[in-house]
Amino acid sequence: MAGKKRYWLFKSEPNVYSIQDLEREGVTPWDGVRNYQARNLMRDEMRVGDGILFYHSRVAPMAIVGRAEVVAEAHPDPTQFDPSHPHFDPRAHPDEPRWYCVDIGFVEAFEKPLLREELKRIPALEDMMLLQKGCRLSVQPVRPKEWKAILRLVSSRS
DNA sequence: GCCAACGTTGGC
DNA sequence: GCCAACGTTGGC
């Protein structure tokens with residue numbers, strides 16, 4: 001039996017990979033993640049069909065800019081084996097991969113991005129991981145009530 | 001650009 | 001296995 005649908009938030013610097021890039025490509029492997037906590041979430045927790053909020057970080061204005069979904073479960077991140085790639089990891093071997101990634105598919109780009117500044121003012125999002133001080137996790141879980149609050153906000157503005 | 005918060009590495 | 005040094009992330 002399939003598990004219950006879960007929700008996630010993926011951070012990305014738009015100069016590196018933006019929601020427009022995802023819209024153009026349709027599907028992309030979320031490679032290059034080199035953090036064990038994020039890897040474990042992708043490898044062990046994510047299932048096809050899970051919802052993803054796409055967040056633009058380190059840019060003004062920082063915002064949730066769209067929605068994606070998990071379209072393929074975790075597989076070894078190919079960039080770890082490629083010596084010419086910036087994310088090459090000499091400690092990884094094909095028979096014992098160290099890093100994994102899921103594939104994500106574009107769902108929608110929000111007409112009006114939800115700015116970090118306004119998210120901070122929404123009571124239902126008070127405990128959201130994204131908004132906690134010092135949270136650097138680039139792939140993180142989102143609670144169902146947070147997902148609902150955010151989608152409600154999106155539909156109320158379009 | 002700054003720097004606090006955090007994760008990883010490596011000497012012991 | 002501790003922990004200081006180092007590197008990185010990412011909000012501001």
Side-chain angles (χ1 to χ4, degrees), chain A residues 6-25 28-46 50-70 73-104 106-143 145-151 153-154 157:
Chain A
R6 284 191 262 188
Y7 306 102
W8 311 97
L9 180 140
F10 283 31
K11 291 181 187 173
S12 187
E13 297 183 38
N15 341 329
V16 178
Y17 198 87
S18 69
I19 189 74
Q20 287 76 26
D21 293 324
L22 182 61
E23 180 166 22
R24 182 159 16 84
E25 294 188 349
T28 193
W30 204 248
D31 56 25
V33 173
R34 296 294 182 265
N35 170 283
Y36 290 105
Q37 213 179 333
R39 177 203 69 181
N40 293 348
L41 290 175
M42 287 199 285
R43 188 190 60 188
D44 305 333
E45 307 291 336
M46 294 190 192
D50 283 359
I52 296 169
L53 297 171
F54 199 98
Y55 177 79
H56 281 175
S57 67
R58 285 177 63 85
V59 71
M62 289 175 281
I64 297 173
V65 294
R67 199 149 59 90
E69 63 182 358
V70 177
E73 283 173 24
H75 53 87
D77 177 343
T79 65
Q80 69 191 307
F81 306 125
D82 178 359
S84 69
H85 198 280
H87 294 296
F88 174 63
D89 186 343
R91 302 164 301 179
H93 298 283
D95 52 342
E96 203 182 330
R98 182 176 290 242
W99 304 109
Y100 287 81
C101 59
V102 295
D103 293 351
I104 72 170
F106 177 81
V107 175
E108 66 169 325
F110 298 149
E111 216 167 296
K112 285 182 66 183
L114 303 172
L115 308 189
R116 182 181 182 84
E117 271 309 307
E118 52 183 316
L119 296 175
K120 286 198 280 196
R121 296 196 299 266
I122 296 168
L125 303 181
E126 195 177 22
D127 297 327
M128 193 174 182
M129 188 179 285
L130 177 71
L131 304 177
Q132 303 311 302
K133 193 182 171 195
C135 174
R136 306 190 315 180
L137 197 58
S138 65
V139 166
Q140 54 182 250
V142 172
R143 296 180 184 87
K145 87 167 203 181
E146 294 161 351
W147 175 269
K148 280 184 206 127
I150 285 164
L151 289 203
L153 201 57
V154 170
R157 314 201 302 170

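Below, chain A is the first sequence line, B the second, and so on; all start at residue 1.
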Donor-acceptor side-chain pairing of A:Tyr17 and A:Glu25 below 3.5 angstrom: yes

Outermost DNA chain B nucleotides near chain A [under 4.0 Å, heavy atoms]: B:dA5 to B:dT9

Under-4.0 Å salt bridge between A:Lys112 and A:Glu118: no

A:Thr79 and A:Arg34: CA distance, side-chain angles, deciding distance, side-chain hydrogen bond (donor to acceptor under 3.5 Å, both in side chains) verdict: CA-CA 11 Å; A:Thr79 65; A:Arg34 296 294 182 265; 3.0 Å; yes

Sugar-phosphate only, base, or nothing, as touched by A:Glu13 at under 4.0 Å among non-hydrogen atoms: nothing

From A:Phe10, A:Trp99, A:Trp8, residue fulfilling ring-ring contact (aromatic ring centres under 6.0 Å, His included) relative to A:Trp30: A:Phe10

Touch class at under 4.0 angstrom, heavy-atom based, for A:Arg91 against every strand present: sugar-phosphate

Over all atoms of both residues, closest heavy-atom pair of A:Arg24 and A:Asp21: NH2-OD1, 2.6 Å

